[in-house]
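We're numbering straight along the sequence, starting at 1.
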Amino acid sequence: MKNILLCVILLSVIGCALMKPSTTSTVPTKHQIIYKWSQIADYFTKKEVEKILGAPTEILYSEEAEIWKYEYGIARSYGTVSFRRSDNRVWFLSKPSF
């Protein structure tokens, strides 16, 4: 009986050691999102903004600007970054509010 119990415990320990760790959530927290938005400056290019915030959820166009929209499932919030068409640099920010 002791041998069976020992085998079960040993197999459990070995099984746990061989298991892959569970994947962590890739959804950013509110604090992470706020921090990323705080890094955006008026003179940034589209590439610099995309490097920090990632790809936009939606892109809108007007005569004077290209507007990148970032939607967040957290509290159904979103932010926008407007780029001047003349130089493709940040013109206006509307940060998400949580």
Side-chain angles (χ1 to χ4, degrees):
M1 186 61 132
K2 290 180 183 178
N3 287 340
I4 293 173
L5 184 58
L6 182 61
C7 285
V8 169
I9 292 172
L10 188 60
L11 288 174
S12 296
V13 170
I14 292 171
C16 289
L18 294 176
M19 287 178 58
K20 293 181 181 178
S22 63
T23 57
T24 58
S25 176
T26 58
V27 176
T29 65
K30 291 178 186 179
H31 296 291
Q32 290 170 328
I33 294 168
I34 290 168
Y35 175 73
K36 287 180 180 183
W37 278 85
S38 72
Q39 294 180 320
I40 306 299
D42 288 342
Y43 56 85
F44 276 18
T45 64
K46 292 177 186 178
K47 281 189 175 190
E48 291 170 316
V49 171
E50 189 169 11
K51 186 175 180 179
I52 294 170
L53 297 178
T57 309
E58 184 178 359
I59 300 176
L60 308 167
Y61 300 94
S62 73
E63 280 187 37
E64 296 180 1
E66 181 175 321
I67 304 156
W68 289 10
K69 184 176 182 181
Y70 291 88
E71 294 183 23
Y72 302 100
I74 304 169
R76 297 183 184 167
S77 188
Y78 69 91
T80 59
V81 181
S82 299
F83 298 94
R84 282 186 299 268
R85 288 215 167 186
S86 60
D87 63 1
N88 286 319
R89 296 207 177 256
V90 173
W91 186 18
F92 181 76
L93 289 177
S94 174
K95 297 178 182 181
S97 58
F98 296 106

Output for pair (W37 CH2, Q32 CD), nearest 0.5 Å, gives 15.5 Å

Are W91 and F83 connected, step by step, through hydrophobic side chains (Ile, Leu, Val, Met, Phe, Trp, Tyr) whose heavy atoms are closer than 4.5 Å?
-> no

Side-chain (R89) to main-chain (Y43) donor-acceptor, under 3.5 angstrom | yes

Linking I/L/V/M/F/W/Y whenever any side-chain heavy atoms sit under 4.5 Å apart, do I59 and I40 land together?
-> yes

Side-chain contact test, heavy atoms from C-beta onward, threshold under 4.5 Å: evaluate it for V81 versus L53 and give yes or no.
-> yes

Output the distance between atom OG (S82) and atom NZ (K69), rounded to the nearest 0.5 Å.
-> 12.0 Å

With rounding to the nearest 0.5 Å, note down the distance linking CG in D87 to OG1 in T45.
-> 10.0 Å

Verdict with reasoning, K46 to W68, per side-chain contact (heavy atoms from CB on, under 4.5 Å) = CA-CA 9 Å; K46 292 177 186 178; W68 289 10; 3.6 Å; yes

More than 12 heavy atoms of other residues, nucleotides or ligands under 6.0 Å from CD of Q39: is that the case?
-> yes

Run the numbers on Y61 and R85 for side-chain contact (heavy atoms from CB on, under 4.5 Å), then give the verdict.
-> CA-CA 10 Å; Y61 300 94; R85 288 215 167 186; 2.9 Å; yes

F92 and L60: same hydrophobic cluster, using ILVMFWY side-chain contacts below 4.5 Å?
-> no

Minimum heavy-atom separation for P96 to I33, with atom names?
-> CG-CG2, 4.0 Å

Audit row: L93, T80, side-chain contact (heavy atoms from CB on, under 4.5 Å) steps and yes/no | CA-CA 6 Å; L93 289 177; T80 59; over 6 Å; no

Has the side chain of T57 got a donor or acceptor atom that lies under 3.5 Å from a matching backbone atom of E71?
-> yes

Can any side-chain N or O of Y72 pair as donor or acceptor with the backbone N or O of G79 at less than 3.5 Å?
-> no

So how far is it from F44 CZ to N88 CG, rounded to the nearest 0.5 Å?
-> 15.5 Å

